[in-house]
Amino acid sequence: MLAIASIVLALSLSALASPLNVTEPLTTGASCTGTISSLDDVAAAVKCTTVVINGFAVPAGETLDLKFATGSTVTMNGDVIFGTKNWDGPLFQISGSNINFNGNGHTFDGQGAFYWDGQSGNGGVTKPAPMMKIKISGTYTNVKVLNSPARVYSVSNPATLVMSKLTIDDSAGDAPNSKSDGLAAGHNTDGFDCSTTDLTIEDSTIHNQDDCLAINKGSNIVFQRNTCIGGHGISIGSISSDATVSGITISGNTITNNDQALRIKTKADATSASVTNVTYSGNTATGIRQFGVIIDQSYPDTLGTPGTGVKISDINFVGAENNIAINSDAQRVAVNCGSGACSGTWDWSALTVTGGKAGTINFSGIENFSQ
Ligand SMILES: *[C@@H]1O[C@H](CO)[C@@H](O)[C@H](O)[C@H]1NC(C)=O
Ligand SMILES: *[C@@H]1O[C@H](CO)[C@@H](O)[C@H](O)[C@H]1NC(C)=O
Ligand SMILES: *[C@@H]1O[C@H](CO)[C@@H](O)[C@H](O)[C@H]1NC(C)=O
């Protein structure tokens with residue numbers, strides 16, 4: 001009897017102790033509050049399932065890399081600023097399952113002005129990109145990113161993730177600087193680059209100099225009620241070989257002063273790839289500089305010779321009207337499909353594009369629309 005009692009006691013003690021056992025996987029957290037006020041605090045703090053991030057400066061060349069225990073609640077209590085250095089980044093990276101991350105409106109400051117030269121990472125100085133790598137499931141809300149060096153969010157969630165009420169403010173990159181030769185100093189500042197599934201991005205504001213959203217592959221992605229200012233619009237692509245995109249909903253977004261409002265671009269040399277089941281509804285755009293809607297299979301050219309290796313089908317403008325107003329020298333709608341690469345019938349009954357001039361549509365399966 002005594003022996004059995006000791007075994008039971010030993011087992012229950014080890015069960016109690018296990019959350020604090022540092023050699024165990026980090027996914028099992030302890031019910032304590034970990035506070036991060038410098039990189040030195042990270043290792044201990046992420047063992048707790050409640051984590052508070054205070055305002056502090058991350059030294060140049062370091063990643064604030066947080067591997068949260070499953071089910072953690074994380075809140076920000078101050079602004080985080082990253083030191084400057086020409087390196088690859090990322091500046092911030094989070095991973096974990098079922099995480100509740102609330103920025104409380106606080107800022108991650110990438111100090112972009114240090115890097116901006118009007119060129120991409122390849123052309124100019126090395127820039128930390130992406131700035132923010134998000135590899136959690138759960139929720140990520142109320143976070144501001146200020147002045148990213150280049151691309152902002154790369155999202156690869158392990159399970160369902162809702163990102164909401166985010167702000168990306170790269171507006172300072174609109175102006176030229178001494179290194180940008182008269183061009184906008186900020187460049188390749190994509191808002192969200194997504195190669196993932198089961199992701200919703202909503203109620204966010206993005207002011208940048210490149211794609212507001214770029215979906216490179218994946219499925220079940222919703223992008224809704226966001227505001228995109230100044231960049232290259234909402235993009236699917238560019239699509240490379242073997243990539244598949246399906247089940248995409250782009251709805252209720254406001255797109256202001258972008259190169260294009262809505263775009264699908266596939267690489268001319270891509271093979272064995274597909275884009276299918278994309279629904280646009282209730283999007284509004286004004287001040288569009290080049291194309292209202294463009295579907296182009298000739299990337300990296302624009303409206304060049306299209307490839308045929310990416311099959312495109314089931315692209316629809318339905319539900320609430322999509323109202324797109326373009327500038328006088330822009331084109332309303334251009335569709336440049338490779339021979340046989342676009343197929344089926346597409347319902348464009350909820351698309352209205354005004355201003356500018358008509359583009360060329362060379363796919364005959366589009367119904368309920370004329371320009
Ligand atoms: C911690 O957990 C590991 C793996 O479960 C185990 O082998 C080790 O004995 C534990 N250490 C302590 C001090 O409990
Ligand atoms: C298209 O995608 C939606 C999600 O956006 C999904 O609910 C629907 O089942 C898909 N339709 C087909 C035919 O796959
Ligand atoms: C669309 O136009 C391009 C360029 O003229 C051409 O190469 C392509 O075959 C055309 N596609 C279709 C489906 O007619």
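Numbering of ligands and ligand atoms starts at 1, following listing order. Heavy-atom basis, side chains included; hydrogens, waters and symmetry copies ignored.
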task: Could you identify which residues cluster with Val222, counting Ile, Leu, Val, Met, Phe, Trp and Tyr as linked when any side-chain heavy atoms lie under 4.5 Å apart, either directly or through a chain of such contacts?
output: none
query: Between Ser274 and Thr244, does any side-chain donor sit less than 3.5 Å from a side-chain acceptor?
result: no
- request: Check which hydrophobic residues are tied to Tyr115 through side-chain heavy-atom contacts below 4.5 Å, counting indirect links as well, and list them.
  value: Phe114
Enumerate, one pair per line, all nitrogen or oxygen atoms of ligand 3 lying under 3.5 Å from a protein nitrogen or oxygen, stating the separation to 0.1 Å; write 'none' if no such pair exists.
from     : atom 1 : to     : atom 2 : distance (Å)
ligand 3 : 2 (O)  : Asn362 : ND2    : 2.3
ligand 3 : 11 (N) : Cys337 : O      : 2.7
ligand 3 : 11 (N) : Asn362 : ND2    : 2.8

query: Less than 3.5 Å between some nitrogen or oxygen of Asn277 and one of ligand 2, yes or no?
result: yes
- request: Using a strict cut-off of 4.0 Å, indicate which atoms of ligand 2 neighbour a heavy atom of Thr249.
  value: 5 (O)
- prompt: Is the side chain of Thr63 donor-acceptor paired with the backbone N or O of Asp65 at a distance under 3.5 Å, no angle test?
  reply: no
field: For Gly247, the ligand 2 atoms whose distance to one of its heavy atoms is below 4.0 Å
entry: 2 (O), 5 (O)
field: Residues forming a salt bridge (Lys or Arg N to Asp or Glu O under 4.0 Å) with Asp174, sequence neighbours excluded
entry: none
- request: Check whether any side-chain heavy atom of Ile36 lies under 4.5 Å from a side-chain heavy atom of Asn54, and answer yes or no.
  value: no
field: Stepwise ring-ring contact (aromatic ring centres under 6.0 Å, His included) check, Phe363 with Trp346
entry: CA-CA 10 Å; Phe363 169 57; Trp346 304 353; 4.4 Å; yes
